[in-house]
Each structure stands twice: as C-alpha cells, then as structure tokens.
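Computed from a predicted model, the values in this text were never measured in an experiment.
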Amino acid sequence: MPAGPEGAIRAGGTVTDRLVDANRRYAEAFTDPGMDARPVLRVAVVACMDARLDLHQALGLELGDCHTIRNAGGVVTDDVIRSLTISQRKLGTRSIVLIHHTGCGLESLTEDFRTELEMEVGQRPAWAVESFRDVDQDVRQSMQRVRTSPFLLHTDDVRGFVFDVRTGLLREVDPA
C-alpha cells in the first residue's frame, strides 16, 4: 500500500504494509556497506526474542559486529546449536554471549502449553516449551548445553547474563 506524503500508511494498511513502506524509505538511502557475513567481533549473541531487548543498543554493537540468534527465552535448543555451529565453523565466531532477562514470559508457562495445543489442533508439538522458574538456573543450563555440544569448536568463552528490563543492566550469571 503506498504511503501518503508524510510517509504514513494510508488507512486500512496492515503492520506488514507499514514495515514494507519503511523498507522502501530505508532502501532509498541504502548503500552497500561492503561487509562480509563474518562478524567483526567474532561473537554470537543468543537472546530472548522479547521486544524490550534492543541488543545492539544495550551492548554497544554496530551492524556487522555479531551474529544474533533469538528465540522465546533465549533457550539453547538444537536449532540454536545448529546456528552457533555454522557461526563458528563457517563464519569465524569464537565467543558466545547468552542473554536471558527479567520478567520473561516463559516463567509463566509450563509444559502444559503443549497439551493445550494438542487439544486445540489435534497434534502435539515436537518441541519443548522450555519454560523455567529460575532465570539464573536457566542461563546456567544454556551455558552447559553450549559447553557440552560436540559440534561447537570454541566453548572456552561462553558467558551468560540476565538483562534487567527495568534498569537496562546486564548481570553476569556464575556458571557453577
């Protein structure tokens, strides 16, 4: 849907229309930065998909600095290990930063969510919800999953943090 003179979506447009319109404006001034797909800082950040986390701003990152892998809870799943393995083995990352946060929605879910979905759609999801009650323990579990993966080459620089959504500060979690 075309934008009006002020760059706003005309009445009736969807959120996706708004995003596509914003992309057109972005592309008008875009110049290819000539970057490689390899992150400059050789770091991969795994974090929750929560919309309150502006990782680049919070960590002082620029375009091209890191690989960012996000999912519900910032949980280290098989797919996260897949992405980290490609990041390390093919694109040169060496460090992994795990970021969970206060007030995560996964703290209020249980594995019963899978049963609810099964009742609603007639099929049980193959994936685990990965809910948790103790954010620090969940960060420790994520660090352990990374450190014990046979697919990852570099597991000596794996650190986990909890981002406080009220203060914007990271608090490091002791892996022990």
Student: Using the side chain to side chain contact (heavy atoms under 4.5 Å, CB included) criterion, which residues pair with Leu55? Sequence neighbours excluded.
Tutor: Val45, Ala47, Leu53, Thr68, Arg70, Ile99

Student: Count I, L, V, M, F, W, Y as connected when their side-chain heavy atoms are under 4.5 Å apart, and connections chain through other members. Are Leu91 and Val43 then in the same cluster?
Tutor: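 As far as the 4.5 Å side-chain criterion goes, Val43 and Leu91 are not connected within one cluster.
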
Student: State, without any angle test, whether Asp164 and His101 hold a side-chain donor-acceptor pair at a distance under 3.5 Å.
Tutor: no

Student: Salt bridge between Arg25 and Asp21, side-chain N to carboxylate O under 4.0 Å?
Tutor: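 Yes, Arg25 and Asp21 are salt-bridged.
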
Student: Where is the tightest heavy-atom contact between Asp65 and Glu62, given as atom of each residue plus distance?
Tutor: OD2-N, 2.7 Å

Student: May I ask you to check whether over 12 heavy atoms, not counting those of Gln123, lie within 6.0 Å of atom CD?
Tutor: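 No, because the 6.0 Å sphere around CD of Gln123 holds 12 heavy atoms or fewer from other groups.
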
Student: Which residue in the set Ile96, Val146, Val158 passes side-chain contact (heavy atoms from CB on, under 4.5 Å) when paired with Val76?
Tutor: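 That would be Val146.
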
Student: Who are the salt bridge (charged side-chain N to carboxylate O under 4.0 Å, His left out) partners of Arg38, not counting sequence neighbours?
Tutor: Asp36

Student: If you measure from SG on Cys66 to CZ on Arg42, what distance do you get to the nearest 0.5 Å?
Tutor: 14.5 Å

Student: Is there a side-chain contact between Arg124 and Met119 (heavy atoms, below 4.5 Å)?
Tutor: no

Student: Do Asp54 and His56 touch side chain to side chain, with heavy atoms closer than 4.5 Å?
Tutor: yes

Student: Determine whether a donor-acceptor pair (N or O, by modelled atom type, separation under 3.5 Å) exists between the side chain of His67 and the backbone of Ile86.
Tutor: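 A pair under 3.5 Å: no.
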
Student: Does atom CD of Glu172 have more than 12 heavy-atom neighbours, drawn from other residues, nucleotides or ligands, at distances under 6.0 Å?
Tutor: yes

Student: Would you name the heavy atoms of Gly168 and Phe163 that are closest together and state the gap between them?
Tutor: O-CE1, 3.2 Å

Student: Quick one: name the residues clustered hydrophobically with Met49, using the 4.5 Å side-chain heavy-atom rule over I, L, V, M, F, W, Y, and just say none if it's on its own.
Tutor: none

Student: Which heavy-atom pair separates His154 from Gln88 by the least distance, and what is that distance?
Tutor: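 So the minimum-distance heavy-atom pair works out to O-NE2, 2.8 Å.
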
Student: Please find the pair of heavy atoms, one from Arg133 and one from Thr110, that lie closest to each other, and give the distance.
Tutor: NH2-CG2, 3.4 Å

Student: Could you grab the distance from atom OG1 of Thr148 to atom CD1 of Ile81, nearest 0.5 Å is fine?
Tutor: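 Rounded to the nearest 0.5 Å, the OG1-CD1 separation comes to 7.5 Å.
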
Student: Does some side-chain heavy atom of Pro175 sit less than 4.5 Å from a side-chain heavy atom of Arg147?
Tutor: yes

Student: For Arg171, enumerate each residue passing the salt bridge (charged side-chain N to carboxylate O under 4.0 Å, His left out) test, keeping only those at least two apart in sequence or located in another chain.
Tutor: Asp136

Student: For Phe161 and Val139, what are the C-alpha separation, side-chain angles and deciding distance, and is it a side-chain contact (heavy atoms from CB on, under 4.5 Å)?
Tutor: CA-CA 7 Å; Phe161 300 85; Val139 171; over 6 Å; no

Student: Running the 4.5 Å side-chain criterion over Ile, Leu, Val, Met, Phe, Trp and Tyr, what cluster does Leu63 land in, apart from itself?
Tutor: Met35

Student: Sub-3.5 Å donor-acceptor pair from the side chain of Asn71 to the main-chain atoms of Gly74, do we have one?
Tutor: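 A pair under 3.5 Å: yes.
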
Student: Identify the heavy atoms of Thr85 and Phe151 that sit nearest to each other, and give their distance.
Tutor: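 In this case the closest contact between Thr85 and Phe151 is OG1-CB, 3.4 Å.
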
Student: Cut-off 3.5 Å, side chains only: do Thr77 and Arg145 have a donor facing an acceptor?
Tutor: no

Student: Do the non-hydrogen side-chain atoms of Leu170 and Leu59 ever get within less than 4.5 Å of each other?
Tutor: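 Yes, close enough: below the 4.5 Å cut-off.
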
Student: Who else is in Tyr26's hydrophobic cluster (ILVMFWY, side-chain heavy atoms under 4.5 Å, direct or via others)?
Tutor: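 Via sub-4.5 Å side-chain contacts, Tyr26 links to Phe30.
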
Student: Rounded to the nearest 0.5 Å, what separation is found between the CZ atom of Arg166 and the OG1 atom of Thr102?
Tutor: 7.0 Å

Student: Evaluate whether atom CZ of Arg140 has more than 12 neighbouring non-hydrogen atoms of other residues, nucleotides or ligands under 6.0 angstrom away.
Tutor: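 More than 12 heavy atoms, drawn from other residues, nucleotides or ligands, come within 6.0 Å of this atom.
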
Student: Going by atom types alone, do Asp17 and Thr14 pair a side-chain donor with an acceptor below 3.5 Å?
Tutor: yes

Student: Please determine whether the number of non-hydrogen atoms from other residues, nucleotides or ligands lying under 6.0 Å from atom CG of Asp78 exceeds 12.
Tutor: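 Incorrect, the count does not exceed 12.
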
Student: Check step by step if side-chain contact (heavy atoms from CB on, under 4.5 Å) holds for Leu98 and Arg159.
Tutor: CA-CA 6 Å; Leu98 306 171; Arg159 293 172 63 186; over 6 Å; no

Student: Can you confirm whether Arg89 sits close enough to Leu153 that some side-chain heavy atom of one is under 4.5 Å from a side-chain heavy atom of the other?
Tutor: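 When only atoms from C-beta onward are counted, Leu153 and Arg89 do touch, with a gap below 4.5 Å.
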
Student: Heavy-atom distance under 4.5 Å between the side chains of Leu84 and Val46, does that happen here?
Tutor: yes

Student: Whether the side chain of Glu107 engages the backbone of Cys104 through a donor-acceptor N/O pair (distance < 3.5 Å, no angle test) should be reported.
Tutor: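 Pair found, side chain donor or acceptor close to backbone of Cys104.
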
Student: Any sub-3.5 Å donor-acceptor pair from Ser142's side-chain atoms to Val75's backbone N or O?
Tutor: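 Checked: no pair found.
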
Student: What I'd like to find out is whether the side chain of Leu19 reaches to under 4.5 Å of the side chain of Asn23, using heavy atoms alone.
Tutor: no

Student: Are Leu152 and Met143 grouped together when hydrophobic residues (ILVMFWY) are joined by side-chain heavy atoms under 4.5 angstrom apart?
Tutor: yes

Student: State whether the side chain of Thr93 and the backbone N or O of Ser87 hold a donor-acceptor pair below 3.5 Å, judged by distance alone.
Tutor: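 Answer holds: yes.
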
Student: Is a side-chain N or O of Asp79 found less than 3.5 angstrom from the main chain of Ser83, in a donor-acceptor match?
Tutor: no

Student: Same cluster or not: Val165 versus Val97, using hydrophobic residues (I, L, V, M, F, W, Y) connected whenever any side-chain heavy atoms lie under 4.5 Å apart?
Tutor: yes

Student: Do you know the tightest heavy-atom contact between Arg114 and Ala128?
Tutor: CD-CA, 4.0 Å

